[in-house]
Amino acid sequence: MFNETFKLSNDVEIPKLGLGTWLLDDAQAAQAVRDAVSIGYRHIDTAQAYKNEAGVGEAIRSCGVAREELFITTKVVAEAKTYNAAAQSIDESLAKMGLDYIDLLIIHSPQPWVEFRDENRYFEENKEVWKAMEDAYKTGKVKAIGLSNFLQDDIENILASCEIKPMVNQILAHVSNTPIELIEFCQKNDILVEAYSPIAHGAILDHAEVKIIADKYEVSVAQLCLRYAIQLGLVVIPKTANPDHMRNNAELDFAISDADMETLKNVEHIQDYGEHSFFPVFGGKLK
Ligand SMILES: NC(=O)c1ccc[n+]([C@@H]2O[C@H](COP(=O)([O-])OP(=O)(O)OC[C@H]3O[C@@H](n4cnc5c(N)ncnc54)[C@H](OP(=O)(O)O)[C@@H]3O)[C@@H](O)[C@H]2O)c1
């Protein structure tokens, strides 16, 4: 799995499987990245908001694998909605990680988190932030630029005025919650979709109907969910700090039948993401 890549619209190759690092602190993230790289992972997903860029960067620099063999994503905080705030945050990310460049830089959300999916769409502000992303791309600080949590009209807003088109949109997508129309819109526009929380933040692991299908393929629910997203053409970035889970998540050498893909697309929507339901990405608001 580790060698399999998708190609972005600017021909940069991105590994289909990455390691998510949300909710890991610096020390945990550093250990997880070291473990993941030694297992074979070459793609790591972090964000300014995760407050673990220093830990991720430290592990990247000391893991023994050449920098150019690794693919590192970080995200401009959702609250940075001016050119200067975004540009400054990019320089801070590079400094915190101790890296010369970032492989993929993403706008974390079209709106600040407290206003997530509210009426104010920040269209003008996002154009400004996108300009800072384009400038970072042109100077070589980042090798690819993209979006996260952008809906179709948020994306159209950028497409209508940009010089460089977004290369990815990282969105919530998992069995029981797959935004097919948004995915198709992105794919038609040459925007690669990344599935975040691809195993529903853990909430799908005990799902009886999904477990029956996983058993049929003799795989774990996590593996079934990851394979499902990859078959839809999505990058997956499951989070785990457990090396056994890292290995399990990389064993995806099986194919889900068309009929089972349809069934999985239509599994009833999980409403409850457990103790993390209050996060905006799971439909709640930050406390
Ligand atoms: N752009 C955004 O707004 C956004 C939002 C959310 C997430 N993300 C990104 O997407 C990444 C993944 O999303 P996520 O962290 O929400 O959730 P996730 O990857 O869907 O699920 C993580 C949960 O699944 C468990 N798990 C992982 N592999 C497993 C396995 N093989 N067997 C059993 N359990 C397993 C983990 O537990 P253990 O740790 O015990 O293995 C953890 O509890 C994040 O870390 C972050 O990088 C981005």
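When a ligand or atom number is given, it counts from 1 through the structure's own listing order.
Pairs of residues two or more places apart, or lying in two chains, that qualify as salt bridge (Lys or Arg N to Asp or Glu O under 4.0 Å) and include a residue from residues 140-152 are D91-K141. Every pair passing salt bridge (Lys or Arg N to Asp or Glu O under 4.0 Å) that includes a residue from residues 103-123 is listed here, sequence neighbours excluded: R67-D103, D118-K285, R121-D153, R121-D154.
Comparing heavy-atom distances from atom 7 (C) of ligand 1 across W113, F279, Y196 singles out Y196 as nearest. Of the candidates I237, D244, N242, it is I237 that places a heavy atom closest to atom 11 (C) of ligand 1.
Heavy-atom contacts of A222 reach the following atoms of ligand 1: 30 (C), 31 (N) (cutoff under 4.0 Å). Atom numbering of ligand 1 starts at 1 in the shown order; those under 4.0 Å from a heavy atom of T21 are 45 (O), 47 (O).
Here T46 has no heavy atoms under 4.0 Å from ligand 1, in either its backbone or its side chain. Contacts of I199 with ligand 1, taken as heavy-atom pairs under 4.0 Å, involve both backbone and side chain. Under 4.0 angstrom from ligand 1, the non-hydrogen atoms of N249 all belong to its side chain. Using a 4.0 Å cut-off between heavy atoms, S197 contacts ligand 1 through both its backbone and its side chain. Proximity of A241 to ligand 1, defined as any heavy-atom pair under 4.0 Å, is confined to the backbone N, CA, C and O atoms.
Nearest protein neighbour of atom 44 (C) of ligand 1, counting heavy atoms only, is W22 CB, 3.5 Å. Of the protein's non-hydrogen atoms, the one nearest atom 19 (O) of ligand 1 is K239 N, 2.8 Å. For atom 35 (C) of ligand 1, the closest non-hydrogen atom on the protein side is H245 ND1, 3.6 Å.
Considering both main-chain and side-chain atoms, L205 never comes within under 3.5 Å of ligand 1 through any nitrogen or oxygen pair.
Residue S220 places every heavy atom at 4.0 Å or more from ligand 1.
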